[in-house]
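Have a look at the structure below before the remarks.
Lettering follows sequence order; numbering is per chain, from 1.
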There are 2 protein chains.
Amino acid sequence: MKPTESEMEILQVLWNKGQCSVREVFETLDKKDVGYTTILKLMQIMHEKKMVIRDTSSKTHIYTANINKEKTQNQFLNKMIDTVYNGSTSRLVMQALGNHKASKEEIDLIKDYLNQLENK
Amino acid sequence: MKPTESEMEILQVLWNKGQCSVREVFETLDKKDVGYTTILKLMQIMHEKKMVIRDTSSKTHIYTANINKEKTQNQFLNKMIDTVYNGSTSRLVMQALGNHKASKEEIDLIKDYLNQLENK
DNA sequence: TCAAATCTACGAAAGAATTCGTAAATACAA
DNA sequence: TTGTATTTACGAATTCTTTCGTAGATTTGA
């Protein structure tokens with residue numbers, strides 16, 4: 001039920017773009033070392049698992065994500081908090097913030113968010 | 001180079017306890033459905049990969065983590081931000097905070113941390 | 001001492017995930 | 001029309017991860 005890493009990459013594209021042909025997904029994630037049919041196969045498997053739905057009315061099938069983005073992200077997040085951060089959400093968050101990846105703008109966003117949380 | 005999920009669980013124990021025999025790890029993670037030799041094998045593989053070091057001077061070998069906790073956690077975190085949150089640290093953080101898993105205390109911790117960040 | 005318990009080593013099976021080759025169908029354009 | 005492109009379907013190979021059985025060594029304690 002939990003998407004694999006590759007499936008996650010594909011879902012990412014589908015969530016962003018709404019709907020895509022296999023080729024669009026393939027080109028969006030231009031992974032140097034994977035062939036077109038690999039992505040095709042993965043998406044077919046995802047279809048079997050009902051992670052995506054597809055419109056087969058024309059030759060080129062059009063895929064759409066069929067699982068909830070936030071729910072799926074949360075699933076990964078919780079797993080990660082458990083196995084990587086020993087159950088501590090705050091440690092994860094602080095590490096994410098101390099990270100070079102978090103920009104000033106992002107930190108401001110988070111402050112606003114915390115204030116909102118507080119006022120409830 | 002990146003630990004697998006099982007390896008991560010074992011590293012977790014080693015990071016927490018400092019050093020352990022296989023049996024200690026086995027008991028700490030008491031997974032109902034995995035045998036002792038499975039954990040042993042995993043730890044032997046981790047040794048081959050130099051993820052852990054071990055003292056073999058007595059019959060019962062004693063293992064210690066040989067990779068950096070923070071660095072390894074960051075590796076997972078960054079991967080996750082990319083493949084699950086489309087590169088957005090703030091989205092990950094906000095979702096973690098909105099999560100049932102983040103308690104009041106944890107949120108306070110994070111506020112302090114943000115203030116510290118600010119004063120630098 | 002010797003048997004039971006505990007440990008390591010190691011190969012191999014089982015399971016999961018990824019990868020791709022090839023064939024057949026369809027569309028497209030010269 | 002005819003051949004080139006693109007697409008799907010699908011089986012099979014490959015690779016990665018997890019699992020365990022068995023054998024042999026060591027320790028322990030009755």
Side-chain angles (χ1 to χ4, degrees), chain A residues 1-14 17 19-64 67 72 75-76 79-80 82-84, chain B residues 1-14 17 19-64 67 72 75-76 79-80 82-84:
Chain A
M1 185 56 245
K2 184 161 155 267
T4 68
E5 206 141 285
S6 305
E7 287 170 344
M8 206 57 194
E9 291 182 347
I10 291 168
L11 282 169
Q12 205 62 246
V13 176
L14 294 177
K17 303 212 171 185
Q19 50 175 48
C20 288
S21 64
V22 174
R23 183 146 306 269
E24 271 174 284
V25 172
F26 174 67
E27 268 156 16
T28 305
L29 338 140
D30 69 330
K31 309 227 261 172
K32 290 277 176 293
D33 41 1
V34 213
Y36 174 81
T37 51
T38 301
I39 304 296
L40 170 66
K41 180 66 166 183
L42 284 172
M43 291 177 74
Q44 283 171 345
I45 291 170
M46 291 167 81
H47 182 248
E48 275 171 29
K49 296 186 185 169
K50 308 211 191 296
M51 258 171 214
V52 298
I53 51 180
R54 63 182 178 182
D55 175 354
T56 58
S57 60
S58 58
K59 188 199 165 192
T60 303
H61 299 356
I62 301 297
Y63 289 77
T64 314
I67 59 177
T72 307
Q75 201 178 341
F76 272 84
K79 177 87 186 177
M80 173 129 171
D82 284 347
T83 68
V84 180
Chain B
M1 185 57 250
K2 183 160 154 266
T4 68
E5 207 141 283
S6 304
E7 287 170 344
M8 206 60 196
E9 291 183 348
I10 292 169
L11 282 168
Q12 207 63 246
V13 177
L14 294 177
K17 303 211 170 184
Q19 49 175 48
C20 288
S21 64
V22 174
R23 184 148 305 270
E24 271 174 284
V25 172
F26 175 66
E27 269 157 14
T28 305
L29 324 154
D30 71 332
K31 310 228 262 172
K32 290 279 176 292
D33 43 0
V34 213
Y36 174 79
T37 52
T38 301
I39 304 296
L40 170 66
K41 179 66 168 184
L42 284 173
M43 291 176 74
Q44 284 170 343
I45 292 171
M46 290 167 80
H47 182 249
E48 276 171 28
K49 296 186 185 171
K50 308 207 191 300
M51 259 172 213
V52 297
I53 51 181
R54 64 182 179 184
D55 175 355
T56 59
S57 60
S58 59
K59 188 199 167 194
T60 302
H61 300 354
I62 300 297
Y63 289 76
T64 314
I67 58 176
T72 306
Q75 200 179 341
F76 272 85
K79 176 87 185 177
M80 173 127 170
D82 283 346
T83 69
V84 181

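- Within the shown strands, dC28(C) is the pairing partner of dG3(D) under the Watson-Crick or G-U definition, both distances less than 3.5 Å.
- Among the atoms of the strands shown, only primed sugar atoms or phosphate atoms (P, OP1, OP2) are found under 4.0 Å from some heavy atom of Ser6(B).
- Distances shown here put a side-chain N or O of Thr38(B) below 4.0 Å from the OP1 or OP2 atom of dC20(D).
- The distance from atom CE of Met51(B) to atom CE of Met8(B), rounded to the nearest 0.5 Å, is 9.5 Å.
- The distance from atom CD of Glu9(A) to atom CG of Asp82(B), rounded to the nearest 0.5 Å, is 9.5 Å.
- OP1 or OP2 of dT18(D) sits under 4.0 Å from a side-chain N or O of Thr4(B).
- For Lys59(B), whose side chain is taken as the heavy atoms from C-beta onward, the closest listed nucleotide among dT27(D), dC20(D), dA9(D) is dT27(D).
- Judged by distance alone, the side chain of Thr37(B) and the main-chain N or O of Leu40(B) form no donor-acceptor pair under 3.5 Å.
- Looking at heavy-atom distances under 4.0 Å, Glu7(A) makes no contact with the nucleic acid at all.
- Heavy-atom contacts from other residues, nucleotides or ligands closer than 6.0 Å to NZ of Lys50(B) number 12 or fewer.
- Taking 4.0 Å as the cutoff to heavy atoms of chain A, we find the contact window on DNA chain C bounded by dA17(C) to dA27(C).
- Using a 4.0 Å heavy-atom criterion, one finds that Thr37(A) contacts the bases of the nucleic acid, with or without backbone contacts as well.
- Annotation: proximity of residues 25-36 of chain B to DNA chain D (heavy atom, distance under 4.0 Å) is found for Asp33(B), Val34(B), Gly35(B), numbered in ascending order.
- Of the side-chain N and O atoms in Arg23(A), none sit less than 4.0 angstrom from OP1 or OP2 of dT8(D).
- Of the inter-residue distances, the one linking Gln12(A) atom CD with Leu29(A) atom CG reads 9.5 Å to the nearest 0.5 angstrom.
- One distance of note links CD1 of Ile67(B) with CE of Met1(B); it measures 5.0 Å at 0.5 Å rounding.
- For dA5(D), the O4'-C1' to base torsion is within 90° of 0; the nucleotide is therefore syn.
- Rounded to a whole Å, the OH atom of Tyr63(A) is 6 Å from the P atom of dT8(D).
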